[in-house]
Amino acid sequence: MSLLTAKGIRKSFNAGAGEKMVLNNAGLNIDSGELVTILGPSGSGKSTLLNICGLIDSADRGEILWQDQDLLKLSVRSRTEFRRANIGFVFQSFNLIPVMTAFDNVAFPLMLLNWPSKKIHKRVNTLLEQVGLADHARYKPGQLSGGQCQRIAIARALVKQPALIIADEPTASLDADTAIQVMALMKQLMVAQQTACLVATHDSRLMPFSDRVLHVDHGHVVEEHDMTVKGVVA
Amino acid sequence: MKWFILAWQNLGRNRRRTLATLLLIAMGVTGIMTTTGFAEYTYESLREFSMRESGQLILTQPDYFTEDESYPLQYGIDNSEVIRHTLLQDLNISYVLPSVEFNGLISNGDKSTIFMGNGVDVDLPKVRGPSLTVSAGHFLSRSADETADYEVLLGKGLARSLNAELGSGLTLMASTADGALNAVDVQVRGILSTGIPEMDKRFLMVHVSTAQFLLDTERVSQLGIYLRDSEQQDEYQQTLETQYPDLKATPWQERAVFYRAVKNLYDRIFGVMGGVILVMVLFAIFNTSAMSVMERIREIGTLSALGAQRSEIIRLFAVESGLLALLGSITGFVLSGAISIGLMLADVQMPPPPGQTDGYPLQVYFSADIAVYSLLAVLIIACLAALFAVRKGINLSISEALRYA
């Protein structure tokens, strides 16, 4: 069943002399529990499409349908409420809050949702164990390696059990081995929680973790591969 | 609570900047507290001085302060002793002191000069306290010796002008209430200083009965009513005017011209100073908040992406600034309290004000009211500064904020 459907998305930016069209009639859909990877070269519009699907950017035209509700028609406040409840984010440079401990960073989305303290402790400790950093709970991001930071960021994204995770270049700041480990961990946790995940990357090594791969170029999806069917992608 | 903890943690990001801002706020609050504390001390001293000089209420004929007298004590009070006796039955009234204001000529036999006289009660030193300075000799005797000369206290300058010393004999001349010329021989009992050199050249003080004898009248100019509790002033003003419908009870504030002039002047001076200090505090906090926002734009984007509302992000920065304001203010209170105690122990003297001979102790009151108002003002300013500073951060789109380097 389709969780999110993007239809006819157009987005342009002011680029000095004139407008630059970044997305032109782009669209995608993602089902519950599915991991969809958006591949494409720099400037192809994959991150912009991801941001619009994650409601952190607006579109000039088009629809983002979530159970038949067009999310782009929501007010700024309602979009924030929606993100708070339903979407988790993993960023390229982790974007952890430097003054907070690993525990507090993971707990932050739950505090925004006003979870009771005991429940937060239980849930965060479970997540930290799952990402293998239970003994680093009191560490601050500055005391952790890049891979550990990204695992904390994954725990933060998953802690509220969102229906969708938006991950923009989640492995770009990591070395090859760590990138594979982090992606494997993300996939494992997502499957366990039945969370859908939309990943933008230019790293083709992440394709094996995907259920589907969308190739974006010149502002729209040019190819789509179903990775669950053997032999489609070599 | 979560935002409060996060705000507290954020203050530790750039400790040097936080400390510098905190000290600037502390200095500002100390400045406000000490200047207003000095003004409060001055007001309190002048209030005390004025009340001691006249009493909280001054009972006179209704026209006494507004009309010029055609002859001495035209607007004086009759039966003052009866009124005084009646009022002293009231336990809330500690003293009722009559006084007679008069003027005339004083002569040492060789030289005559004009004087401004005041007939006073022997209890006057009890209410005037340290504000009545007899620099040589003694105050007027409690019971006048009928066989001896009348007593006089001369202003320092007047004594010098007449070459008078303690025990010198002088003659006072004045018009009586009937318009005749009268004279009385007096002996110098003491020399006093009013603190105002020009006043000291003309001023003298005699017993009420001496002034009445000279003016050939039973009247007094006014009765000073000294209440045990100044809070009862308004209540007693009404009571007195009901009790004595032919007389008027004037509050001391209406006659304390110097007090009102100083208060008006200081209110303006220290008001402007306070305003300047608060503007400085505003800029300091704004600067700190603005730098903090610029350094944390990407973080603002992250918080927004995670679901923090704009209002929550504004609140975070406002709480940070508010905490700075609170800590700075508390430091300022401690500093101003230390200055207040230090000045009390050090006994620093202020130079004499223009036209006066005596300085006065430099003291600074620590006022809890002013502390609360300062804290509120600094907190409001801190929140406003944070609000202006954070606008840039929250007005960017989230994706722009996340890309911000």
Side-chain angles (χ1 to χ4, degrees), chain A residues 11 13 22 47-59 75-101 104-115 117 120 140-142 153 156-157 159-160 162 165-166 168-169, chain B residues 1-19 288-289 291-317 319-321 323-324 386 390-405:
Chain A
K11 177 76 177 174
F13 292 109
V22 182
S47 287
T48 306
L49 181 59
L50 197 75
N51 289 341
I52 291 170
C53 290
L55 301 184
I56 57 174
D57 209 346
S58 56
S75 65
V76 173
R77 191 173 181 82
S78 300
R79 283 189 207 185
T80 306
E81 289 290 342
F82 188 87
R83 279 197 309 274
R84 182 184 289 204
N86 299 297
I87 305 178
F89 288 87
V90 178
F91 302 101
Q92 176 181 337
S93 42
F94 327 129
N95 291 21
L96 298 175
I97 309 297
V99 293
M100 286 182 176
T101 61
D104 290 338
N105 266 289
V106 177
F108 189 74
L110 301 182
M111 289 194 282
L112 285 177
L113 289 167
N114 290 320
W115 276 36
S117 179
I120 289 177
K140 290 192 174 170
R156 181 178 68 182
V159 73
K160 62 188 174 189
I165 285 181
I166 299 286
D168 189 7
E169 304 279 10
Chain B
M1 193 63 188
K2 60 179 181 269
W3 294 108
F4 182 86
I5 293 167
L6 182 55
W8 176 255
Q9 290 169 329
N10 282 329
L11 287 183
R13 281 174 188 246
N14 189 330
R15 286 184 187 156
R16 191 180 296 177
R17 188 168 66 208
T18 299
L19 188 66
T288 301
S289 294
M291 288 171 79
S292 182
V293 168
M294 292 306 290
E295 288 169 1
R296 288 158 58 194
I297 282 187
R298 190 190 286 198
E299 190 176 306
I300 291 172
T302 305
L303 293 176
S304 300
L306 294 178
Q309 295 285 4
R310 283 178 173 197
S311 57
E312 289 172 316
I313 293 168
I314 292 172
R315 193 197 308 160
L316 172 66
F317 280 88
V319 172
E320 283 179 39
S321 296
L323 277 172
L324 263 179
V390 80
R391 278 188 315 171
K392 181 177 171 58
I394 56 167
N395 283 340
L396 284 174
S397 75
I398 299 171
S399 56
E400 275 179 299
L402 288 169
R403 281 196 301 269
Y404 202 89

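Just so it is clear, the values below take in all heavy atoms, side chains as well, and ignore hydrogens, waters and symmetry mates.
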(request) Tell me, for A:D168 versus chain B, whether the close heavy atoms (under 4.5 Å) come from the side chain, the backbone, both or neither. (result) neither
(request) Output every pair passing salt bridge (Lys or Arg N to Asp or Glu O under 4.0 Å) with a member in residues 85-97 of chain A, not counting sequence neighbours, ordered by first then second residue. (result) none
(request) Tell me the residues of residues 49-56 of chain A whose non-hydrogen atoms fall below 4.5 Å from those of chain B, in number order. (result) A:N51, A:I56
(request) State which residues pass side-chain contact (heavy atoms from CB on, under 4.5 Å) with A:A153; sequence neighbours excluded, sorted by chain then number. (result) A:L96, A:Q150
Under 3.5 Å, sequence neighbours excluded: what are the donor-acceptor pairs made by side chains of residues 306-314 of chain B?
from, atom 1, to, atom 2, distance (Å)
B:Q309, NE2, A:R77, O, 3.1
B:Q309, NE2, A:E81, OE2, 3.1
B:R310, NH2, B:I394, O, 3.4
B:E312, OE1, A:R84, NH2, 2.5
B:E312, OE1, B:Q309, N, 2.8
B:E312, OE2, A:R84, NH2, 3.3

(request) Please state whether the side chain, the backbone, both or neither of A:R79 comes within less than 4.5 Å of a heavy atom of chain B. (result) neither
(request) Please round to the nearest 0.5 Å and tell me the distance separating atom CG of A:D57 and atom CD1 of B:I398. (result) 8.5 Å
(message) Looking at A:R83 and B:S304, would you say the former's side chain and the latter's main chain have a donor-acceptor pair under 3.5 Å?
(response) yes
(request) Starting at CG of B:L303, measure out to CD1 of A:I97 and round the result to the nearest 0.5 Å. (result) 4.5 Å
(message) Using heavy-atom distances under 4.5 Å, tell me whether A:F91 contacts chain B through its side chain, its backbone, both, or neither.
(response) side chain
(message) I need the A:N95 CG to A:F89 CZ distance, nearest 0.5 Å.
(response) 11.0 Å
(request) Check the pair B:R13 / B:E320 against salt bridge (Lys or Arg N to Asp or Glu O under 4.0 Å), numbers first and verdict last. (result) CA-CA 11 Å; B:R13 281 174 188 246; B:E320 283 179 39; over 6 Å; no
(message) Given heavy-atom pairs under 4.5 angstrom as the criterion, report whether the side chain, backbone, both or neither of A:N86 touches chain B.
(response) neither
